[in-house]
Amino acid sequence: MPATEVYVDRLLGRHVLDQSGESIGRIEEIRVSGKGDRCFVDEYLVGRYAAFQRVAAWRLGRSLLGVFGRNRGKKGYRVGWEKIDLSDPERPRLLCAREELTPITDQ
């Protein structure tokens, strides 16, 4: 696969579609690591709970989701860089089954 440049600001907030075309959630965070003067994507955090990974009040945020009934089966996923097809950055798609993804768990 050839190297491709994709602008992060165009990916954040995009729905990631599974193999059946259904959304598994929005890209909320992109985790990267650096090597020399280059950055490499390690994983994407997708879904409602992924948004709370960014805030200091993570436990409070999870609690509020529970109070308002928004956490039923919609926690979010850690998606490895190699498991998302970005050939169309407007419509990122999973390259694996949803069941193969690592869920974001309460920590």
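Sequence positions, counted from 1, serve as the residue numbers for this chain.
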Quiz: residues 33-40 side-chain donor-acceptor pairs under 3.5 angstrom, not counting sequence neighbours:
from: S33; atom 1: OG; to: D42; atom 2: OD1; distance (Å): 3.1
from: S33; atom 1: OG; to: D42; atom 2: OD2; distance (Å): 3.2

Inset, instruction - Can you sort out the partners of E100 under side-chain contact (heavy atoms from CB on, under 4.5 Å), two or more places apart, ordered by chain and number? - result: C96, A97
Inset, instruction - Hey, could you give me the CD1/CG distance between I84 and L95, rounded to the nearest 0.5 Å? - result: 8.5 Å
Inset, instruction - Kindly compute the distance separating CD1 (I24) from CG (L17), expressed to the nearest 0.5 Å. - result: 9.0 Å
Inset, instruction - Sequence neighbours left out, what pairs pass side-chain hydrogen bond (donor to acceptor under 3.5 Å, both in side chains) with at least one residue falling in residues 11-20? - result: R14-E90, H15-S23, H15-R26, D18-S20, D18-R98
Legend entry - Where Y44 and W81 come nearest, the two heavy atoms and their spacing: CE1-CA, 3.8 Å
Inset, instruction - Report the residues that fulfil salt bridge (charged side-chain N to carboxylate O under 4.0 Å, His left out) with R91, sequence neighbours left out, ordered by chain and then residue number. - result: D88
Inset, instruction - State, with a plain yes or no, whether a side-chain heavy atom of V16 is found less than 4.5 Å away from one of V79. - result: no
Legend entry - Heavy-atom closest contact (P89 atom, L11 atom, distance): O-CD2, 3.8 Å
Legend entry - Distance (rounded to the nearest 0.5 Å) between E29 CD and L45 CG: 4.5 Å
Legend entry - Spatial distance of atom CG (L101) from atom CD (E43) [nearest 0.5 Å]: 11.0 Å
